[in-house]
Amino acid sequence: MRSLIERLHREHTLASDEFRVLLSQCEEEHLSFINALAREVSLANFGNKIFIRGLIEVGNCCKNDCYYCGIRRSNQLIERYHLDEDTILACCRHGYELGFRTFVLQGGEINDDEMMIRVVTSIRKEFPDVAITLSLGEKNTSVYERFFQAGANRYLLRHETHNDLHYRKLHPEGMSLSNRLRCLDDLKRIGFQTGTGIMVGSPYQTIDTLVEDILYIEKLQPEMIGIGPFLPHHDTPFAKMPSGSMKLTLLLLSIFRLMHPHALIPSTTALATLAPEGREKGILAGANVVMPNLSPVVQRSKYSLYDNKASLGAEAAEGLLLLEKRLEAIGYTIDKGRGDYSAH
Ligand code: SAM
């Protein structure tokens with residue numbers, strides 16, 4: 001196992017069967033070993049700096065009905081909201097004062113594209129030096145092009161799974177893996193720094209589907225890779241499904257770091273929700289980004305993708321000092337720069 005991991009470190013890839021072995025037979029000591037190697041790679045490329053992104057959850061209204069997601073269309077038990085243009089800009093102003101130089105606008109998929117284009121244009125005009133990341137789901141090619149022309153730089157769209165059968169167990173009819181992949185191809189071609197990824201331990205995921213995900217991400221070469229555990233939401237069809245495991249999440253984070261030494265990889269809110277030290281463990285397994293929440297505090301609990309989602313304390317933009325302290329405790333500091341992808 002050690003020699004497999006060392007080869008992954010050296011060559012940035014393995015054969016499918018070898019990934020299968022790594023995923024299915026990784027004991028605690030091997031996990032510590034791969035986490036340490038991945039950490040070294042992060043330190044070599046980014047130093048002990050962690051980039052911060054200000055996350056603005058622009059709305060929880062969604063036309064999709066993904067079985068895993070708390071803001072799915074069929075969930076009639078959550079209060080719906082969407083932030084207007086002025087409120088989003090006010091969040092950006094607050095974030096800019098706190099030192100954020102990347103804003104991530106994420107939301108359910110019913111958003112008004114014209115309004116988002118206006119918002120991006122306004123953010124770009126008022127803050128020429130920030131990076132604007134969008135995570136607004138599947139759109140037509142022309143909408144992505146207009147987002148880019150308006151000044152957006154990055155787009156996050158997890159593919160969720162690269163296995164068609166698995167995709168159909170996570171999503172109802174009407175959503176398709178092929179459209180998701182078309183979106184990712186569009187985003188790359190248009191020139192976005194593009195992020196994709198998966199939920200670790202999503203229902204019906206297997207070692208084989210994970211290997212397919214690893215190979216797809218290797219082929220796509222995204223600039224950002226989002227890997228966090230699946231966590232159940234009590235008002236979804238997957239309410240009784242178990243959460244993804246910390247061990248497998250940390251293993252996958254390290255595998256992706258060894259395969260993609262320069263990628264921007266967040267230690268996700270879901271990981272921080274799964275366990276009290278989750279965020280730190282993610283960083284020590286090779287992640288180099290955290291995304292504190294800049295949304296208006298009154299709306300935060302409504303963006304409930306899964307139960308107990310962390311949005312306060314070190315997960316909150318106003319908790320930056322606390323985050324700083326927690327990162328210092330493991331030997332890292334916050335980098336307030338834009339933190340663009342660079343292959344050097
Ligand atoms: N609609 C956009 C999209 O699909 O990319 C952005 C919002 S969507 C809620 C953002 C991400 O949340 C999804 O890609 C999914 O991986 C994650 N997510 C949703 N439900 C989750 C759950 N129960 N556990 C962990 N992550 C979840």
Side-chain angles (χ1 to χ4, degrees), residues 53 55-75 78 80 82-83 104-111 113 116 133-139 143-144 147 154-162 166-167 170-172 174-177 179-184 186-187 192 194-205 213 217 222 224-246 248-249 252 266-275 278 282 291 293 295 300 302-311:
R53 319 304 199 189
L55 177 63
I56 304 170
E57 294 158 341
V58 296
N60 66 356
C61 305
C62 197
K63 66 175 168 18
N64 293 336
D65 222 10
C66 312
Y67 300 134
Y68 46 83
C69 186
I71 65 169
R72 64 198 299 267
R73 183 184 69 221
S74 296
N75 185 2
I78 54 164
R80 301 285 173 172
H82 73 269
L83 304 185
V104 181
L105 275 49
Q106 189 184 88
E109 299 192 28
I110 214 153
N111 20 63
D113 296 335
M116 285 316 299
T133 305
L134 300 179
S135 179
L136 302 171
E138 298 175 24
K139 305 281 177 193
V143 172
Y144 286 144
F147 283 157
R154 308 182 188 143
Y155 206 103
L156 302 174
L157 185 78
R158 290 181 176 177
H159 67 286
E160 314 294 2
T161 173
H162 194 259
H166 185 208
Y167 191 90
L170 299 178
H171 305 96
M175 295 181 72
S176 73
L177 177 60
N179 194 49
R180 199 99 184 148
L181 300 182
R182 186 274 302 161
C183 290
L184 283 158
D186 276 356
L187 292 165
F192 282 101
T194 303
T196 196
I198 57 165
M199 292 175 288
V200 178
S202 64
Y204 312 108
Q205 186 176 71
D213 292 323
I217 292 177
M224 302 171 285
I225 305 174
I227 302 296
F230 159 77
L231 298 171
H233 184 289
H234 62 280
D235 287 320
T236 63
F238 290 164
K240 297 272 182 291
M241 296 290 190
S243 300
S245 80
M246 175 64 75
L248 189 54
T249 307
L252 281 158
S267 186
T268 59
T269 303
L271 194 55
T273 303
L274 182 66
M291 295 168 59
N293 199 313
S295 312
R300 275 185 209 168
K302 297 178 197 159
Y303 198 77
S304 53
L305 308 183
Y306 41 81
D307 290 339
N308 307 312
K309 180 167 157 278
S311 65

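Both counts, for ligands and for their atoms, begin at 1 and track the order of listing. Heads up: numbering here begins at 1 and tracks the sequence.
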Using modelled atom types only, decide if a donor and an acceptor are shared between the side chain of [X] and the backbone of [Y] within a distance under 3.5 Å.
X	Y	answer
Arg154	Leu134	no
Ser135	Leu156	yes
Tyr68	Pro232	no

- Query: side-chain hydrogen bond (donor to acceptor under 3.5 Å, both in side chains) with Ser74: which residues, sequence neighbours excluded?
  - Reply: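 For Ser74, the residues satisfying side-chain hydrogen bond (donor to acceptor under 3.5 Å, both in side chains) (neighbours in sequence not counted) are Asp65.
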- Query: Do His162 and Tyr167 make the cut of ring centroids closer than 6.0 angstrom?
  - Reply: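 Between His162 and Tyr167, the centre distance exceeds or equals 6.0 Å.
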- Task: Indicate yes or no: does Glu160 engage Arg180 in a salt bridge with an N to O separation below 4.0 Å.
- Result: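 Answer for the salt bridge query: yes.
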- Message: What does the 4.0 Å heavy-atom contact list look like for ligand 1?
- Response: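 Residue list for ligand 1: Tyr68, Cys69, Gln106, Gly107, Glu109, Ser135, Gly137, Leu157, Arg158, Glu160, Arg180, Met199, Pro229, Phe230, Leu231, Tyr303, Leu305, Tyr306.
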